[in-house]
Amino acid sequence: MHADRIEQAPHARVVRIQPRRGLGSLGVGELWAWRELVTFLIWRDIKVRYKQTALGGAWAVIQPVMTMLVFSLFFGKLAKLSSDSVPYPVFSFAAILPWNLFSTGLTGAAGSLVGNTGLLKKVYLPRLAIPIGAVLAVVVDFLVAFVILIAMMAWYRISPSIEALLVIPFTLLAIVSALGVGIWLAALNVKYRDVKYVLPFLVQLWMFATPVAYSSSLITKPWAHTVFAINPMVAVVDGFRYSLLGAPPPSLGTVCTSTAVALVALLAGLLYFRSTERTFADVI
Amino acid sequence: MSSDPVIRVVGMSKAFHVGTTRKREDLLSVRLANGVRRMMSRRKASSESMHWALRDLSFEIAEGDVVALIGHNGAGKSTLLKILARITDPTSGFAELRGRVGSLLEVGTGFHPELTGRENVYLSGAVLGISRAEITRDFDEIVAFAEVEKYIDTPVKHYSSGMQVRLGFAVATQLKPEILLIDEVLAVGDAQFQRKCLQRIQDVSRGNRTIIFVSHNMAAIRAICRTAYVLEGGQIVAKGETGPVVDEYLSRVQASQTANVAVSTASFHVDRVEIKAANGVVIKTFDSMTIAVTFTAMKDLLEPGLLVKIMTNSHERVASLDYYDLGAIGPVAAGEQRTVGFRIDRVPLLPGMYVVELDLKASYRVVERVDQLYTFDVVETPLFGTRRPRSGNGSVALDASLLEEPST
């Protein structure tokens with residue numbers, strides 16, 4: 001209601017404040033009215049992230065590149081893991097990028113409400129704007145690192161085909177997955193600070209369950225594939241390798257399962273968030 | 001309240017969970033274990049560990065009214081503001097608000113120390129619900145009001161706290177809602193800036209906007225508000241025109257001042273000690289007050305005397321008054337009752353609680369200390385502008401003014 005740009009006559013609208021029961025709406029309409037705030041929160045997170053660091057924005061590149069080098073040495077050179085006949089460095093880098101987008105977004109969202117206690121306790125705004133802003137702020141780092149991926153593809157003479165455009169929906173799937181889980185954890189974190197301790201552990205395990213360092217082709221049994229695809233990041237990573245590097249495509253079943261899981265997680269996260277947000281200011 | 005009320009609150013209550021159970025429930029494991037049990041008997045289990053911050057509150061505020069909420073800490077003032085600002089939900093009942101609501105519960109909401117003044121103006125504006133276009137339009141005015149022109153592109157973490165506050169308030173003044181909720185945000189800044197803030201709030205209130213104002217500063221409340229509500233234990237216990245309501249509230253605050261405690265010493269029986277404002281209900285800085293002691297002589301007294309010692313709450317002596325210095329009580333026969341005392345003009349004390357100790361003197365030599373302490377409160381001062389009085393200011397009020405600068 002603050003967000004109306006037009007000066008309106010008094011008595012124009014009546015806002016009724018009462019205990020919210022049940023799940024109510026998802027509050028997407030209100031979020032849209034406050035979109036300017038969401039962009040400001042994203043902008044703030046980006047501006048602030050590398051303040052008072054010597055290397056600044058270079059960290060957006062250093063982190064994935066270092067990971068790629070370590071992976072290439074241990075998994076590529078020493079363990080000689082299969083990389084679907086793509087050079088291992090670019091094979092792993094194409095997975096590290098969406099994985100970092102997901103894991104950093106997830107971590108950022110999970111801590112966002114607790115990190116913005118002042119806002120929660122002192123002003124009204126759609127609470128959802130905070131974790132959403134935290135996830136979207138990570139997209140900028142992703143885009144910066146993406147330039148490195150393009151450079152690597154040029155170095156290894158991998159020319160992208162028209163399928164490269166599919167990277168956009170797969171990126172969206174990564175964002176949706178990060179949002180779905182992140183919103184859930186953010187709301188839980190308000191009341192249960194256990195989340196802070198669970199999170200690094202969860203992210204680590206999740207990475208092992210995602211084919212970042214290895215190829216999905218390692219999993220051969222069909223039933224195992226189905227279970228594997230419950231992790232939406234499987235479709236994202238396989239999708240990236242397929243669309244950009246020409247690796248074998250993820251099966252339609254994998255993509256559908258992953259997408260469905262991500263959407264269900266987002267919906268459930270939203271509902272949980274909406275049902276608990278009325279007490280955020282009291283318990284945080 | 002003839003037309004439609006702008007704010008209508010009906011039967012509103014708010015409960016908070018308190019007690020030790022909450023801490024344990026913060027652990028997921030405990031929560032999971034309790035989950036089933038809680039579901040079975042939710043209401044019964046929870047009501048025991050509830051603190052009711054607001055109880056069945058109902059009121060209506062008409063358009064353009066400027067209402068003060070007063071009450072002790074924990075009376076529910078801030079909770080009520082937070083509900084009206086939609087920061088937290090009521091437990092039961094409802095409120096209806098007509099028009100845009102702006103809340104100013106904190107100065108500099110959303111400020112980030114690493115960002116510059118300019119960036120924070122936009123950020124804080126967005127957080128308060130002011131659009132980028134509005135901020136851009138009024139940017140120069142905001143910066144001028146805050147008096148930070150030179151440092152607007154410096155990170156806010158290098159600002160003095162005063163500068164941060166001024167900038168925060170300056171942004172908030174661009175908030176032009178129909179309903180404005182203000183918590184004790186004026187308790188900051190120097191006197192000149194406070195006057196500017198007060199002026200701004202008064203300007204806003206003239207624009208037929210409805211304001212709810214929470215403050216501990218009675219002088220500011222008298223200056224701004226037409227109506228005052230007194231909250232106590234989550235309920236409105238008094239409301240009406242500001243002047244009388246504030247007087248009544250303050251007089252209850254200092255209800256302890258007339259001490260009817262009878263004390264006997266060897267020579268005296270103290271019947272009553274009355275400490276009160278000479279004209280008015282409450283003792284204010286630079287107003288006059290009286291201290292009267294009614295006693296009965298236990299034996300014939302030739303030259304009785306009275307020493308009144310005024311001490312701070314921490315028992316540091318502020319001043320003393322000796323009857324012998326001003327006059328003589330004269331002989332009092334055994335069984336005779338007398339009332340003697342002092343009138344103090346322009347009480348030079350800052351708000352706070354003061355303790356009075358009495359020494360009764362049977363003759364110049366014999367001193368009998370009354371082992372009963374009496375207290376009084378100074379509750380209001382014109383000295384602090386809109387700042388909230390604090391104990392750190394000392395206890396003596398100085399009637400000071402600025403040195404005139406020599407004209408050059």
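To find a chain, count down the sequence lines: A is the first, B the second, and so on, and within it residues start at 1.
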Below 4.0 angstrom, N of the basic side chain to O of the carboxylate: do R16(A) and E96(B) qualify?
yes
Side chain, backbone, both or neither: which part of T279(A) has an atom under 4.5 Å from a heavy atom of chain B?
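When you check distances to chain B, no heavy atom of T279(A) falls under 4.5 Å.
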Look at Q18(A), K121(A), K122(A) and state which one has the largest set of heavy-atom pairs under 4.5 Å with chain B.
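The option with the most such pairs is K122(A).
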When heavy-atom pairs shorter than 4.5 Å are enumerated against chain A, which of L181(B), L115(B), V10(B), T79(B) gives the highest number?
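Ranked by heavy-atom pairs under 4.5 Å with chain A, first place is L115(B).
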Centroid-to-centroid, F273(A) to F280(A), below 6.0 Å?
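Close enough - the centres of the two rings lie under 6.0 Å apart.
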Tell me, side chain or backbone of P90(B) under 4.5 Å from chain A's heavy atoms, or both, or neither?
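Both the backbone and the side chain of P90(B) come within 4.5 Å of chain A.
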Name the region of L81(B), side chain, backbone, both or neither, that has any atom closer than 4.5 Å to a heavy atom of chain A.
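Neither part; nothing is under 4.5 Å.
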Distance (rounded to the nearest 0.5 Å) between W59(A) CH2 and M66(A) CE
8.5 Å
With a 4.5 Å heavy-atom cut-off, do L41(A) and R44(A) have their side chains touching?
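Counting from C-beta outward, L41(A) and R44(A) do come under 4.5 Å.
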In terms of the angle between their ring planes, are W184(A) and Y272(A) parallel, tilted or perpendicular, with boundaries placed at 30° and 60°?
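It falls in the parallel class, under 30°.
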